[in-house]
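Worksheet: one structure, shown below.
These figures come from a predicted structure and were not determined experimentally.
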Amino acid sequence: MRKSPAKVLLLGYISIILFGSFLLYLPISHTNIGIKYIDALFTATSAMCVTGLTVVSTASRFSFFGKLVVITLIQIGGLGFMTFVSLFLMFLGKKIKLKERILIQESFNQYTSQGLVKMTKRIFSFAFIMESVGAFFLAFQFIPKYGIGKGIAFSIFHAISAFCNAGFDLIGDSSLAPFRGSYLLNLTLMVLIVLGGIGFYVIKDLYETIQNSLFHRKNIFSSLKRLNLHSKIVMITTAVLILIGTILIFVIESYNPNTMASLPIPERILASLFHSISARTAGFFTIPLSHFTNSSKFVIILLMTIGGSPVGTAGGIKTITLAVLLITIFSILDGDEKTVVFGKTIPLDSIKKALAVFFLGISVIIFGTMLLNISENCSFMEALFEVTSAFSTTGLSLGITASLTVVGKLILICLMVVGRAGLFTVALSLLSYQNRGNNLITYPEEKIIIG
């Protein structure tokens, strides 16, 4: 605990990944043929980082025990291992001390440690309820197809995988393609993906606002105006991204004979909406992405890069980062000295952090693409797509994951850890930063030429 919270969090993720890889490497985790340790490590990393990229088939290569290890890693990675550490300590009747509160505060990116234990309980309760409800609805699809036992197991697995935005499935290499026309399955998974990716902080704010509205018998829609600024920005940005992604994919792929040209319009809309939502965080697909046009692939790359929202189960540079930068740009163009939205001023340190996250994220993707292009025999589009998917912990692929070399797998493993642990967490854990009191010194200003 002498280490910084960032280092402890990063070491925590790495420790669980290594332990999970050891379990997945054991013979009890396989069906018939064993797997290499690098593949076990890759699978454990992908599960813990809720990514969904796979080098071996989860459905056919892992036994029931192996699948149980995978889904456990997904649950821990989705909710955050500090959530489980806190719950374990509370289960043992131990008090959450200051050092644990600091780690929870760091993992949730909060400015205060007050109310974090209560928030941790709510996160676990909300996740359990949503995954249970999701599994209930999925059972209507899976039980008739696979039988009671297997159908229930499939329902639970995919509900957890969807809510945690993991993208792992037990269907096979075709992912959810056999259920492309199932409105029940598609809508259930989409709701779970959005709820998991929107962020627990927004869910908490929504719950408290609606609860207060019902208690005081106020109009719910008018009460939503009282949501905090973070929740408003996240919800609007999420809705806009889903809408834009759906429209672009629908328009582009409606004329593609290899994807949606032969589908009826309602099914095209459903598939476009599903891929727009899944592309940002989840990693499921109902149409093979290798059949998409380059334009649609680029749209998906952009959606993956943005990802979900803070304090959720998603990766990427986050919706709030994109929104803050866009709002700042419009404020500059309007000649405003401050960045104001919904009658509130966004602090300068938040803008600087958003700019740093955006720049670091793009830099990681560019550098990772260069490395993967060097180590693998693949096209630029395939490398860019794979790297973006790994960094954003999305899990979508154009089909090259299983054929990666050991070096390529190690590159993606590093990208997945960075994407899930967070850019600032990794950067702060690697850099020996010390505050030398420079904030106490004011230096003279001098104009420079921009643009």
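- Note that CG of Leu187 is 10.5 Å distant from CZ of Phe137, once rounded to the nearest 0.5 Å.
- Closest heavy-atom contact between Thr394 and Ser278: CG2-O, 3.8 Å.
- In this structure, the side chains of Ile152 and Ser155 stay at 4.5 Å or more apart for every pair of heavy atoms.
- Note: Leu243 CG to Leu273 CG = 9.5 Å, rounded to the nearest 0.5 Å.
- In this structure, Asn186 contributes its side chain and Ala271 its backbone to no donor-acceptor pair below 3.5 Å.
- With Ser231 contributing its side chain and Asp205 its backbone, the two residues share no donor-acceptor pair below 3.5 Å.
- Here the side chains of Pro310 and His230 are in contact, with some heavy-atom distance below 4.5 Å.
- Here the side chain of Arg420 pairs no donor or acceptor atom with the backbone of Val50 at under 3.5 angstrom.
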List the steps and the verdict of side-chain contact (heavy atoms from CB on, under 4.5 Å) for Gln75 and Thr72. CA-CA 5 Å; Gln75 189 74 88; Thr72 302; 5.8 Å; no
Set out, in order, the CA-CA distance, both residues' side-chain angles and the distance that settles side-chain contact (heavy atoms from CB on, under 4.5 Å) for Glu376 and Ile400, then state yes or no. CA-CA 9 Å; Glu376 308 302 314; Ile400 69 169; 5.8 Å; no
Report, one line per pair, each donor and acceptor closer than 3.5 Å where one atom sits in a side chain of residues 333-342; sequence neighbours left out.
none

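- Using a distance-only test at 3.5 Å, with no hydrogens or angles considered, a donor-acceptor pair links the side chain of Ser379 to the main chain of Glu382.
- Here the CD1 atom belonging to Ile413 is positioned 11.5 Å from the CD1 atom belonging to Ile14, to the nearest 0.5 angstrom.
- Annotation: Ile148, atom CD1; neighbour count of heavy atoms from other residues, nucleotides and ligands within 6.0 Å does not exceed 12.
- The pair Arg61-Asp39 does not meet the salt-bridge criterion, since no charged nitrogen lies less than 4.0 angstrom from a carboxylate oxygen.
- Side chains of Val417 and Cys49 form a contact here, defined as non-hydrogen atoms less than 4.5 Å apart.
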Test log, rule side-chain contact (heavy atoms from CB on, under 4.5 Å), inputs Leu79 and Phe200: CA-CA 9 Å; Leu79 303 187; Phe200 298 115; 3.7 Å; yes
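- For Ile269 against Thr246, the heavy-atom pair with the smallest separation is O-CG2, 4.4 Å.
- Taking CD from Glu386 and CG from Asn373, the interatomic distance works out to 11.5 Å, rounded to the nearest 0.5 Å.
- Here the side chains of Met381 and Leu398 are in contact, with some heavy-atom distance below 4.5 Å.
- For the residue pair Thr319 and Thr238, no side-chain donor N or O sits within less than 3.5 Å of a side-chain acceptor on the partner.
- Environment of CE in Met370: sparse, with no more than 12 heavy atoms of neighbouring residues, nucleotides or ligands closer than 6.0 Å.
- Relative orientation of the Phe292 and His275 rings is tilted, given thresholds of 30° and 60° on the angle between their planes.
- The distance from the CD atom of Gln141 to the CG atom of Leu189 is 10.0 Å, given to the nearest 0.5 Å.
- Within a 6.0 Å radius of CZ in Phe358, other residues, nucleotides and ligands contribute 12 heavy atoms or fewer.
- Listed here is the closest heavy atom pair of Thr237 and Ala323: OG1-CB, 3.4 Å.
- Ser397 and Leu53 get closest at one heavy-atom pair: CB-CD2, 3.9 Å.
- Below 30°, between 30° and 60°, or above 60°: for Tyr146 and Phe179 the angle between ring planes is between 30° and 60°, a tilted geometry.
- Glu208 pairs by the salt bridge (Lys or Arg N to Asp or Glu O under 4.0 Å) definition with Arg122, Lys204, not counting sequence neighbours.
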Trace of the side-chain contact (heavy atoms from CB on, under 4.5 Å) decision for Arg180 with Ile287: CA-CA 8 Å; Arg180 183 180 58 207; Ile287 298 175; 3.9 Å; yes
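- Using a 4.5 Å heavy-atom cutoff, the side chains of Tyr207 and Phe126 are not in contact.
- Separating the OG atom in Ser254 from the CE atom in Met260 is a distance of 7.0 Å, to the nearest 0.5 Å.
- Here the side chain of Asn165 pairs a donor or acceptor atom with the backbone of Phe163 at under 3.5 angstrom.
- Relative orientation of the Phe128 and Phe124 rings is parallel, given thresholds of 30° and 60° on the angle between their planes.
- Between Phe285 and Leu176 there is no side-chain heavy-atom pair separated by less than 4.5 Å.
- Side chain of Thr188 to main chain of Leu184: a donor-acceptor pair is present (N/O by atom type, distance under 3.5 Å, no hydrogens or angles).
- Side-chain contact between Val324 and Leu355 is absent, with no heavy-atom pair separated by less than 4.5 Å.
- Ring to ring, Phe142 and His158 are close: their centroids are under 6.0 angstrom apart.
- Side chains of Ser392 and Thr388: a donor-acceptor N/O pair is absent below 3.5 angstrom, by distance only.
- Contact record, Leu24 with Ala44: CD1-N, 3.8 Å, taken as the closest heavy-atom pair.
- No more than 12 heavy atoms of other residues, nucleotides or ligands lie within 6.0 Å of CZ in Phe298, so this atom counts as exposed by the packing criterion.
- Atom OH of Tyr183 is surrounded by more than 12 heavy atoms from other residues, nucleotides or ligands within 6.0 Å.
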Check the pair Glu253, Ser272 against side chain to side chain donor-acceptor pair (under 3.5 Å), reporting the backbone distance first and the verdict last. CA-CA 9 Å; Glu253 294 303 319; Ser272 301; over 6 Å; no
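- Nearest heavy atom pair, residue Met416 against residue Thr393, reads O-CG2, 4.0 Å.
- A donor-acceptor distance shorter than 3.5 angstrom exists from the side chain of Arg280 to the backbone of Gly307, with no hydrogens or angles considered.
- Of the possible polar contacts, one joining the Ser46 side chain to the Gly52 backbone as a donor-acceptor pair under 3.5 Å is found.
- Using a 4.5 Å cut-off on side-chain heavy atoms (C-beta onward), Ile171 and Pro178 make contact.
- Residues passing the salt bridge (Lys or Arg N to Asp or Glu O under 4.0 Å) test with Lys67, sequence neighbours excluded: none.
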